[in-house]
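For reference, positions follow the sequence shown, starting with 1.
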Amino acid sequence: MTFSRNTRSGHLYLPPQPSIRLITDIFAFCSREVPHWNTINVAGYHMREAGCSAVQEIAFSFSNAIAYLEAG
């Protein structure tokens, strides 16, 4: 959520690298402690609500998903 929130708002609450580190640490914790819980839902509807096109919505969703996969 932190990474996509940075993208959507244009404001950096956390720089990208610490943001991705935070979410991948949460993934690791949850996979150990609550393995049946879905830790993330990669969706771009909030980007669409912020004014992007349908193509941009999909592009942002895939971009965020790829960043999470590459980081973890």
What heavy-atom pair brings [X] and [Y] nearest, and what distance separates the two atoms?
{"X": "Ile40", "Y": "Asn38", "value": "O-OD1, 2.8 Å"}
{"X": "Ser61", "Y": "Gly44", "value": "OG-N, 3.0 Å"}
{"X": "Phe60", "Y": "Met47", "value": "CD1-CE, 3.3 Å"}
{"X": "Cys52", "Y": "Arg48", "value": "O-CD, 3.0 Å"}

Atom pair OG/CD1 of Ser63 and Ile58 - distance to nearest 0.5 Å |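 One gets 13.5 Å once the value is rounded to the nearest 0.5 Å.
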To the nearest 0.5 Å, what is the distance between OG1 (Thr24) and CG (Leu69)?
->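 Here the rounded value is 11.5 Å.
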Between the main-chain N or O of His46 and the side-chain N or O of Glu49, is there a donor-acceptor pair closer than 3.5 Å?
->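 Answer holds: no.
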Any side-chain heavy atom of Phe29 within less than 4.5 Å of one from Asp25?
->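 Counting from C-beta outward, Phe29 and Asp25 never come under 4.5 Å.
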